[in-house]
Amino acid sequence: MSKIKRIWSYEILDSRATPTIECVCLLESGVLGVYSVPSGASTGTHESLELRDKDETRYRGKGVLKAVQNVNEVIGPSLVLSGIDATKQSEIDAKLIEMDGTENKTRLGANSILSVSGAVCKAAAAEQKIGLYEWINKLAIEKGIKAKMHIPTAVFNMINGGLHGAGNLDFQEFFLIPASTKSFSEGLRIGAEIYMVIGQNLARRGAIHSVGDEGGYAPNLFTNADALEIMVEAIGQANYQVGRDVFLGLDVASNTFYSDGVYTIRDKSAPLNEDSLISYYKELNNIYHMAILEDPLYEDAWEGWKKLKSILGSQVSIVGDDLLVTNIKRLEKAIQNDSCNAVLVKPNQVGTISETLDVIKKSYDANWKVMVSHRSGETNDSFIADFAVGVGSHYVKFGAPARGERISKYNRLAAIEKELLYKNESSK
Ligand code: 2PG
Ligand code: MG
């Protein structure tokens, strides 16, 4: 047990050359916890506030010096003064929420608040000399989550479109999902092998094969469905079978191609209304048997989501990201409304570890699938991998099996997989 001695933070860069905040929590024992906060590009309107300086003379307005100042001058000193022990995560998070006092963390910023919540969490694990995932598992159990630690199934984003791509695709993420019967390391190998083949095929055809924000290829293609076709082709060439070894999925991030009641995508010559878009998803699902469909409709289309869930929900995990924004009230509404059957969990959408755990508990209680997620702007921090193992989520989504900030998370899962195995063996 150790009290917090000092908390400080500073600006660092994320994978898009955009500033973000890194926070250090120093305990009286001398132990440190260091955590950096990711940042989204296709953000939901209802997310908590990511505080940016808006000073156009620095980093084109994207600096986070105000958030840094909030940690160094407000949050840090107040926690140190309270003499609180770093293992009291939920009390600390309650203090952070109270210090901010607004619905969407608009006073102090969710980025400054989460930086402290995460750094404290890491320091507490280090202090107790246990794995971060083990500590998070204890916190989850404390919250009433009956989750067993395990390595979730990876959801690889092989092709990047939308706001993450340099190409012309409307859909944001084209998923390759190893069968859940595979071990994590088998799944990682399958993902990487297919990733290599997709790259070779794109290069052979002269299509752009540079990568987007999440490490997936960002080609120019005729339609979004063509990207699925390219994946199917590569899966076969790599000697795997769709529906047996791997499954397909999409995060279409439909907010980005929705405007004034219609959805505009390059697969169709005219804009689609809600019903026609749902029919198109049905069509795609008949061909590609998708395991996951994220953000199929825009973030406030509550009735449409319900309709889509009733049509595809028995076959597909319908994931709410921009719809739910890791917000317990929106989650409760979605459960009542039967809008989807899976939740995307991003701690920075809400701002504290404890609130994130509350959302996971509610989702498990509703029998929903949970997918723990990175953001498109990331650092090499692998906290989110430990978090996913600790809460025992079904899926994790950390981008493609390529690029440092993505593989730092997948590689961390590979390390935990072995750690769990050997710890288990030696306890027998
Ligand atoms: C998403 C995320 C992560 P962003 O839409 O699911 O892949 O993207 O971080 O840009 O919101
Ligand atoms: Mg999404």
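We count ligands from 1, going down the list as the structure has it; atoms in each ligand are counted the same way. Numbers here simply count residues along the sequence, with the first being 1.
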query: Any Lys/Arg nitrogen of Arg375 or Asp14 sitting under 4.0 Å from an Asp/Glu carboxylate oxygen of the other?
result: no
task: Give a yes or no on whether a salt bridge exists between Asp55 and Lys66, defined as a side-chain N under 4.0 angstrom from a carboxylate O.
output: no
- prompt: Under a 4.0 Å N-O cut-off, is there an ion pair linking Glu378 with Arg403?
  reply: no
task: Heavy-atom distances under 4.0 Å are what count here, so tell me which part of Leu163 touches ligand 1: side chain, backbone, both or neither.
output: neither
- request: Around atom 8 (O) of ligand 1, find the nearest protein heavy atom and jot down its residue, atom name and distance.
  value: His164 CE1, 3.2 Å
- line: If you scan protein heavy atoms around atom 2 (C) of ligand 1, the nearest is Lys346 NZ, 3.2 Å
query: In the protein, which heavy atom is nearest to atom 4 (P) of ligand 1, and how far is it?
result: Ser376 OG, 3.5 Å
- prompt: Considering only heavy atoms of Glu294, which atoms of ligand 1 have at least one such atom less than 4.0 Å away?
  reply: 6 (O)
task: May I ask you to check whether Tyr195 and Tyr217 place their ring centres under 6.0 Å from each other?
output: yes
- prompt: Would you say Ser42 contacts ligand 1, with heavy atoms under 4.0 Å as the rule?
  reply: yes
message: Side chains of Thr223 and Asp226: any donor to acceptor distance under 3.5 Å?
response: yes
message: Suppose I only count heavy atoms of Asp251 and a 4.0 Å limit; which atoms of ligand 1 are within that range?
response: 1 (C), 5 (O), 6 (O)
Backbone or side-chain N or O of Ala41 under 3.5 Å from ligand 1 N or O: yes
query: With atoms numbered from 1 as shown, which atoms in ligand 1 lie under 4.0 angstrom from a non-hydrogen atom of Gly40?
result: 4 (P), 9 (O), 10 (O), 11 (O)
- prompt: How does Leu344 reach ligand 1, if at all, at less than 4.0 Å between non-hydrogen atoms: by side chain, backbone, both, or neither?
  reply: side chain
message: Under a 4.0 Å threshold between the charged nitrogen and the carboxylate oxygen, would Glu294 count as salt-bridged to Lys397?
response: yes
Closest protein heavy atom (residue, atom, distance) for atom 6 (O) of ligand 1: Lys397 NZ, 2.6 Å
No-hydrogen, no-angle side-chain donor-acceptor test under 3.5 Å, Asn201 and Gln237: yes
task: Could you check which N/O/S atom of Asp321 is closest to the Mg ion (ligand 2)?
output: OD2
field: Check ion pair Glu193-Arg189 (N to O, under 4.0 angstrom)
entry: yes
- request: On the 0 to 90° scale, with breaks at 30° and 60°, tag the Tyr298-Tyr258 ring pair as parallel, tilted or perpendicular.
  value: parallel
- request: Answer yes when Lys307 and Asp275 have at least one side-chain N-carboxylate O distance shorter than 4.0 Å, and no when they do not.
  value: yes
field: Nearest protein heavy atom with distance in Å, relative to atom 5 (O) of ligand 1
entry: Gln172 NE2, 2.9 Å
- prompt: To which protein heavy atom is atom 11 (O) of ligand 1 closest, and what is the distance rounded to 0.1 Å?
  reply: Arg375 NH2, 2.7 Å
- prompt: Should you measure from each heavy atom of His374, which atoms of ligand 1 turn up under 4.0 Å away?
  reply: 3 (C), 7 (O)
query: Of all the N, O or S atoms in Glu294, which one sits nearest to the Mg ion (ligand 2)?
result: OE2
query: Are any of the side-chain nitrogens in Lys146 or Asp365 under 4.0 Å away from the carboxylate oxygens of its partner?
result: no
task: Would you mind checking which non-hydrogen protein atom is closest to atom 3 (C) of ligand 1, with the distance to 0.1 Å?
output: Glu214 OE2, 3.3 Å
Heteroatom of Asp251 nearest to the Mg ion (ligand 2) (N, O or S, atom name): OD2
